[in-house]
There are 2 protein chains.
Amino acid sequence: MFPRGNREGVEMADMQQAYNVYEDRCPTRLVLDRLADKWAVLILDRLQGGPVRFNHIRRDIKGISQKVLAQTLRKLERNGLISRTIFPTVPVTVEYALTPLGSTLTDTVSALAHWAEKNMDAIFAAQRAYDEAHPG
Amino acid sequence: MFPRGNREGVEMADMQQAYNVYEDRCPTRLVLDRLADKWAVLILDRLQGGPVRFNHIRRDIKGISQKVLAQTLRKLERNGLISRTIFPTVPVTVEYALTPLGSTLTDTVSALAHWAEKNMDAIFAAQRAYDEAHPG
DNA sequence: GGAAGATAGTTTCCAATAGATACCAAGGAG
DNA sequence: CTCCTTGGTATCTATTGGAAACTATCTTCC
């Protein structure tokens, strides 16, 4: 079903834990490519409160360009993590929302964002120490 | 201390939750830039079992190039998440290990990697559905 | 004695991506 | 008529990512 190397003699029923993030060509890696991305993390975190419109996200997440926002939203939609709903208002309204699958991910993603907030001071201290020790 | 906009009249002691990932120029975002990265996630997850050497990581994480591995390790070291220890053996041995700070992160990071493994089938199903619905 | 292999990287080059900016259509407000 | 809104796409450039070759030192193989 998935493009993985067929271990000779191993039954499919026995391969429940056969996927391995460390393996190249393993489809898990294709998934990780799409999740481990700064903008995706921020967007998923932003959608936790309920559906949000395109330009609303754009204004909230400071510094994201329209192109990258559109690209990232397509990616997340294609992977079934968010839904895209068009309302035929004038001008047209497009709402993005977490799917049930996306909701199962946001806990982890938010934990990452919050870890960054909480440990930022330690990280900047480490950076200063590193830069002093490595002047080159 | 950090390059953030100074909210007028707000005391530093009251700014415990002043950092906000959605804000541009907020240093949290600089942190997230370095964490939300496919290779960093894989490396941190790989180091959970104890110290590992450069070429060992390289062999385990299939598909990573030497350049990107070296760059990512430097990045993680500079941010205080991993340590780098040189042993004057012949040939020289370099061991990378999680710091205490890095250890606080690996739970979150591993959760991300495991979410990817667990929900991969749902994601690939969503991709097929999307690609059928959007032939363009 | 010379070649190969291990260590941990750096260097070089090309393709892919990210970001900034401009532009599009359809209307509503002033 | 002009500017503003909606949600994007098109274009151009700067940065990054990946593949491959190269560095240097020492050990082992034949």
Side-chain angles (χ1 to χ4, degrees), chain A residues 22-26 29-30 32-43 46-47 51-79 82-97 130 133-134 136, chain B residues 22-26 29-30 32-43 46-47 51-79 82-97 130 133-134 136:
Chain A
Y22 300 132
E23 283 297 322
D24 199 6
R25 300 196 208 176
C26 172
R29 288 274 290 268
L30 298 174
L32 203 57
D33 281 348
R34 287 167 177 82
L35 298 183
D37 153 47
K38 177 181 65 166
W39 298 122
V41 167
L42 289 169
I43 290 171
R46 181 62 192 81
L47 290 183
V52 191
R53 285 178 296 101
F54 182 91
N55 277 328
H56 198 157
I57 301 174
R58 187 183 151 216
R59 279 190 294 267
D60 281 359
I61 300 180
K62 308 279 166 56
I64 194 168
S65 71
Q66 286 180 311
K67 189 186 78 169
V68 172
L69 176 57
Q71 281 175 352
T72 309
L73 288 170
R74 290 292 163 281
K75 225 167 51 176
L76 293 173
E77 186 197 358
R78 178 166 182 265
N79 285 276
I82 65 174
S83 64
R84 179 172 182 271
T85 312
I86 305 174
F87 297 95
T89 54
V90 156
V92 65
T93 298
V94 180
E95 261 187 13
Y96 293 92
Y130 183 94
H134 302 90
Chain B
Y22 301 132
E23 283 298 321
D24 199 5
R25 300 195 207 176
C26 172
R29 288 274 289 267
L30 298 174
L32 203 56
D33 280 350
R34 287 168 177 83
L35 299 182
D37 153 45
K38 178 181 64 166
W39 298 123
V41 167
L42 288 169
I43 291 171
R46 180 64 192 80
L47 290 183
V52 191
R53 285 179 294 102
F54 183 90
N55 277 330
H56 198 157
I57 301 175
R58 185 185 151 213
R59 278 188 295 265
D60 282 358
I61 300 181
K62 308 281 166 54
I64 194 168
S65 71
Q66 286 180 312
K67 188 185 77 169
V68 172
L69 176 56
Q71 281 176 350
T72 309
L73 288 170
R74 291 290 164 282
K75 224 166 51 176
L76 293 172
E77 186 198 357
R78 178 165 183 264
N79 286 274
I82 66 174
S83 63
R84 181 174 181 271
T85 313
I86 304 174
F87 297 95
T89 55
V90 155
V92 66
T93 299
V94 180
E95 263 187 10
Y96 293 93
Y130 182 94
H134 305 257

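Protein chains get the first letters and strands the later ones, always in sequence-line order, with residue 1 at the start of each. Both backbone and side-chain heavy atoms feed into the values below; hydrogens, waters and symmetry mates do not.
Using a 4.0 Å cut-off, some side-chain N or O of A/W39 falls inside it from OP1 or OP2 of C/dG19. Considering only side-chain N and O atoms, A/R58 lies nowhere under 4.0 angstrom from the phosphate OP1 or OP2 of D/dG7. Distances shown here put a side-chain N or O of B/R74 below 4.0 Å from the OP1 or OP2 atom of C/dG9. At C/dA6, none of the side-chain N or O atoms of B/R59 fall inside 4.0 Å of OP1 or OP2 (strictly under the cut-off).
When distances run from any side-chain atom of B/S65 to the nucleotides C/dG9, D/dA19, C/dA18, the shortest one goes to D/dA19. Checked against C/dA8, D/dG7, D/dG8, the side chain of B/R53 finds its nearest nucleotide in C/dA8.
Between A/H56 atom NE2 and D/dG8 atom C1' there is a gap of 18 Å when expressed in whole angstrom units. In this structure, CZ of A/F54 is placed 18 Å from P of C/dA25, rounded to the nearest angstrom. Rounded to a whole Å, the CD1 atom of A/I82 is 14 Å from the C1' atom of D/dG7. As rounded to whole Å, 9 Å separates atom C1' of C/dA18 from atom NZ of A/K38. B/D37 has its CG atom 7 Å from the P atom of D/dG17, to the nearest Å. For A/R84 and D/dT6, the CZ to P distance is 15 Å, given to the nearest whole Å. Atom CG of A/L69 and atom P of C/dG19 are 12 Å apart (whole Å). Taking atom CG of A/N55 as the reference point, atom P of D/dG7 lies 5 Å away to the nearest angstrom.
As judged by a 4.0 angstrom heavy-atom cut-off over every strand, A/Y96 is placed among residues touching the sugar-phosphate backbone only.
For C/dA20, the base has no donor-acceptor partner in the side chain of A/Q66 [N/O atoms by modelled type, under 3.5 angstrom].
For the residue pair B/Q66 and B/F54, the shortest heavy atom distance occurs at O-CZ, 3.9 Å.
Residues A/Q71 and A/P91 each lie close to DNA chain C; by heavy-atom proximity, the contact nearer the 5' end of the strand is made by A/Q71. Ranked by how close their nearest DNA chain D nucleotide is to the 5' end, A/L73 and A/K67 are led by A/L73.
B/Y22 contributes a side-chain N or O that, together with a main-chain N or O of A/R46, makes up a donor-acceptor pair within less than 3.5 Å.
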* To do: Give the C-alpha distance, both sets of side-chain angles, the deciding distance and a yes or no for side-chain contact (heavy atoms from CB on, under 4.5 Å) between B/E77 and B/L73.
  => CA-CA 6 Å; B/E77 186 198 357; B/L73 288 170; over 6 Å; no
* Go through the steps for A/W39 and A/L69 under the test side-chain contact (heavy atoms from CB on, under 4.5 Å), then give the verdict. => CA-CA 8 Å; A/W39 298 122; A/L69 176 57; over 6 Å; no
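Taken from CD1 in B/I61 to NE2 in B/H56, the straight-line distance is 10.5 Å, to the nearest 0.5 Å.
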